[in-house]
Protein chains: 2
Amino acid sequence: MLTEERYAAILGILAEKKAVTVLELTKALQISESTVRRDLTALHRSGRLYKVYGGATTIDNNYSKDEEDMQTKRDLYPEEKVAIGRKAAELIERDDFVYIDAGSTTLHIIDFLKENGAAFVTNGMQHAARLSARGFKVFIIGGAVKAITEAVVGTEALQSLQCYNFTKGFFGTNGISTKSGFSTPDAEEGAVKSAALARCKNAFVVADRSKFNKIAPITFADISSATIITGRLEDKKYLDYTTVLEGE
Amino acid sequence: MLTEERYAAILGILAEKKAVTVLELTKALQISESTVRRDLTALHRSGRLYKVYGGATTIDNNYSKDEEDMQTKRDLYPEEKVAIGRKAAELIERDDFVYIDAGSTTLHIIDFLKENGAAFVTNGMQHAARLSARGFKVFIIGGAVKAITEAVVGTEALQSLQCYNFTKGFFGTNGISTKSGFSTPDAEEGAVKSAALARCKNAFVVADRSKFNKIAPITFADISSATIITGRLEDKKYLDYTTVLEGE
DNA sequence: TCAAAGTCAACCAAAATCAGTCAAAAATAA
DNA sequence: TTATTTTTGACTGATTTTGGTTGACTTTGA
């Protein structure tokens with residue numbers, strides 16, 4: 001039986017039952033437990049199902065709202081962003097206090113989070129909704145809501161941030177360059193990113209390949225002030241300036 | 001049986017029966033008491049049911065009789081809620097600074113708003129998203145996000161409210177009675193309602209017919225402290241205590 | 001009020017499940 | 001054919017979940 005056939009079979013069973021155990025799959029497909037686990041891991045990684053203890057569930061019935069199209073609409077390198085999201089989620093440890101910046105790449109992190117007592121603060125309304133839907137402890141910062149990105153910005157937002165001390169923070173960016181650091185087109189969003197980043201013990205910038213060697217109008221952080229999480233780093237010169245983590 | 005399946009089964013039974021005991025669940029699902037307790041604790045924490053001594057109940061039917069969750073509640077008296085929403089929207093004048101409380105009835109107000117320079121503050125994530133989508137100037141207050149209702153609550157929320165001076169405020173409620181005033185099942189949401197209402201020059205409570213002569217656990221305002229906006233007032237005794245505006 | 005019965009969270013040991021390693025089997029290439 | 005790579009299934013120690021037990025707490029009914 002071909003690997004892809006197995007994947008299709010698993011997804012078929014899952015589509016019917018909404019949830020399936022590893023044992024059920026070994027019986028249904030007459031393959032070993034190890035292979036089932038490997039398949040589930042692969043399908044989880046490519047975002048086609050959720051792996052849970054004992055088996056797997058379908059992706060969709062966990063989410064409450066109809067805000068999915070927003071995500072797909074903006075996704076430029078979806079498979080790379082999924083890998084980046086997975087890598088970022090891995091970094092979150094028990095009892096971390098995590099800031100998640102608004103933006104489409106950071107949205108992918110949420111899909112891979114595991115329940116481990118971590119608490120989240122975000123300025124992204126979609127991020128807050130999705131975190132909340134998945135059952136995480138989540139706070140949204142107060143302030144003006146930007147129309148297009150649904151990010152919270154402004155002086156209230158900057159002030160709200162001052163009372164938080166994050167152990168980790170994940171930020172999106174529009175441009176990365178060794179000279180101009182991390183940059184974004186919007187001054188208000190830049191100010192929030194900057195303020196939030198200053199409150200993080202460890203800061204991470206998530207960025208697909210399209211962001212490297214670009215400069216946007218507003219620099220919100222120096223290149224050395226955050227670890228970069230990306231798919232596969234093509235331009236090795238960045239290793240001289242900061243840490244880079246690669247997802248697969 | 002997977003954890004998520006058990007959760008779904010418990011919520012299914014609960015949706016039917018409105019209340020269930022630990023013992024019933026152990027028999028229905030053939031699992032131990034310990035596991036049932038753990039599941040109930042988890043579901044309670046993620047806001048999907050209320051844990052009570054001996055078992056669990058659905059989220060909102062503790063006192064007021066047949067309430068359902070946000071989604072179904074939205075469709076309870078749709079035509080009346082639309083009328084209420086239209087009536088409320090009419091009251092908003094040029095350059096008002098308006099607070100809109102989270103909740104399904106207040107959501108209808110947004111559909112009838114006209115662009116007239118008014119600015120909005122809300123603790124409802126869906127409300128903020130919809131206002132923003134319609135192009136209004138909108139602020140969201142900061143704080144913890146409640147799982148089911150997607151309302152912002154907690155000490156941060158209460159504090160965020162202190163700097164605003166609203167000209168008008170619109171609030172939802174679960175119960176209205178002359179003696180116990182306006183009441184709601186959730187203490188945290190009640191605290192936010194109370195704090196926001198105190199910052200409003202003019203406060204309005206929007207309520208369909210199902211809310212009258214009901215008492216929910218937490219009173220957030222006296223009957224005389226807000227004007228009631230409803231479809232058609234059946235119980236005229238309220239006119240002795242406060243102003244009532246009728247829609248349609 | 002009190003005491004009995006019922007219910008609870010916390011703890012612990014057993015069972016189930018997990019990710020990783022390794023060698024055999026299968027597929028592919030030379 | 002043989003050599004190399006990939007896939008598979010068994011095994012292992014670590015982790016997570018489960019169900020029974022305990023002592024504390026809550027409700028019930030006198």
Side-chain angles (χ1 to χ4, degrees), chain A residues 1-11 13-14 17-58 62 83 86-96 111-118 134-137 245 247-248, chain B residues 1-11 13-14 17-57 62-63 217:
Chain A
M1 188 179 227
L2 253 39
T3 309
E4 283 301 330
E5 287 182 291
R6 284 202 318 269
Y7 288 175
I10 291 172
L11 292 172
I13 291 171
L14 197 54
K17 307 186 54 176
K18 303 288 176 202
V20 69
T21 68
V22 171
L23 190 65
E24 284 168 354
L25 289 173
T26 59
K27 285 182 193 161
L29 305 178
Q30 296 291 344
I31 52 178
S32 75
E33 206 179 294
S34 295
T35 303
V36 170
R37 286 186 205 293
R38 264 189 291 260
D39 287 352
L40 292 185
T41 303
L43 289 167
H44 173 77
R45 287 182 165 213
S46 62
R48 287 189 277 177
L49 51 72
Y50 270 135
K51 206 146 83 78
V52 298
Y53 196 87
T57 69
T58 49
N62 291 5
R86 177 168 60 248
K87 185 74 189 172
E90 278 173 15
L91 299 172
I92 296 172
E93 297 167 60
R94 181 166 296 281
D95 298 327
D96 263 340
D111 295 339
F112 294 99
L113 290 175
K114 278 183 173 173
E115 173 52 57
N116 65 354
R134 293 213 44 209
F136 292 100
K137 199 177 164 95
L245 303 175
E248 48 198 273
Chain B
M1 190 178 222
L2 295 175
T3 309
E4 283 299 331
E5 289 182 294
R6 281 201 321 268
Y7 289 175
I10 291 172
L11 292 173
I13 291 170
L14 198 53
K17 309 185 55 174
K18 304 292 177 199
V20 70
T21 67
V22 171
L23 190 64
E24 282 169 354
L25 289 173
T26 60
K27 284 182 194 161
L29 304 179
Q30 296 288 347
I31 53 178
S32 74
E33 206 180 296
S34 295
T35 303
V36 170
R37 287 185 204 293
R38 263 189 294 260
D39 287 352
L40 293 185
T41 304
L43 289 167
H44 175 78
R45 268 210 273 265
S46 65
R48 289 188 275 179
L49 51 72
Y50 272 138
K51 205 145 81 78
V52 297
Y53 196 85
T57 70
N62 283 14
Y63 285 65

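Every heavy atom of this structure was used, including side-chain atoms; hydrogens, water molecules and symmetry mates were not. Residue numbers begin at 1 in each chain, while the letters A, B, ... track the order of the sequences.
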Polar side-chain atom of [X] near backbone of [Y] as donor-acceptor pair, under 3.5 Å:
| X | Y | value |
| --- | --- | --- |
| B/Thr41 | B/Arg37 | yes |
| A/Arg48 | A/Leu11 | no |
| B/His44 | B/Tyr50 | no |

Between C/dA19, D/dT8, D/dT18, which nucleotide has the shortest distance from any of its atoms to the side chain of B/Arg6? D/dT18
Write down the distance between [atom1] ([X]) and [atom2] ([N]), rounded to a whole number of angstrom.
| X | N | atom1 | atom2 | answer |
| --- | --- | --- | --- | --- |
| B/Leu2 | C/dT17 | CG | P | 9 Å |
| A/Asp39 | D/dT8 | CG | P | 7 Å |
| A/Ile31 | C/dA26 | CD1 | P | 16 Å |
| A/Lys27 | D/dG9 | NZ | P | 17 Å |
| B/Arg37 | D/dT21 | CZ | P | 14 Å |
| A/Gln30 | D/dT8 | CD | P | 15 Å |
| B/Leu40 | D/dT18 | CG | P | 13 Å |
| A/Glu5 | C/dA27 | CD | C1' | 15 Å |

Ignoring backbone atoms, test whether A/Thr35 places a side-chain nitrogen or oxygen under 4.0 Å from the OP1 or OP2 oxygen of D/dG9. yes
Does a side-chain N or O from B/Lys51 land closer than 4.0 Å to OP1 or OP2 of C/dT7, or not? no
Of B/Thr21 and A/Thr21, the one whose closest DNA chain C nucleotide lies more 5': B/Thr21
Given DNA chain C, 5'-ward residue of the pair B/Glu33 and A/Val52, judged by closest heavy atom: B/Glu33
Protein-nucleotides 11-16 of chain C N/O pairs under 3.5 Å:
from, atom 1, to, atom 2, distance (Å)
C/dA16, N3, A/Tyr53, OH, 3.4

Within a strict 4.5 Å, meaning less than it, do heavy atoms of the B/Val36 and B/Leu29 side chains meet? no
Side-chain contact test, heavy atoms from C-beta onward, threshold under 4.5 Å: evaluate it for B/Ile13 versus B/Lys17 and give yes or no. yes
By ring-ring contact (aromatic ring centres under 6.0 Å, His included), which residues pair with B/Tyr7, not counting sequence neighbours? none
Give one of base, sugar-phosphate or nothing for A/Val36, where a contact means two heavy atoms less than 4.0 Å apart. nothing
Salt bridge check, A/Lys18 against B/Glu4: does any charged N sit closer than 4.0 Å to a carboxylate O? no
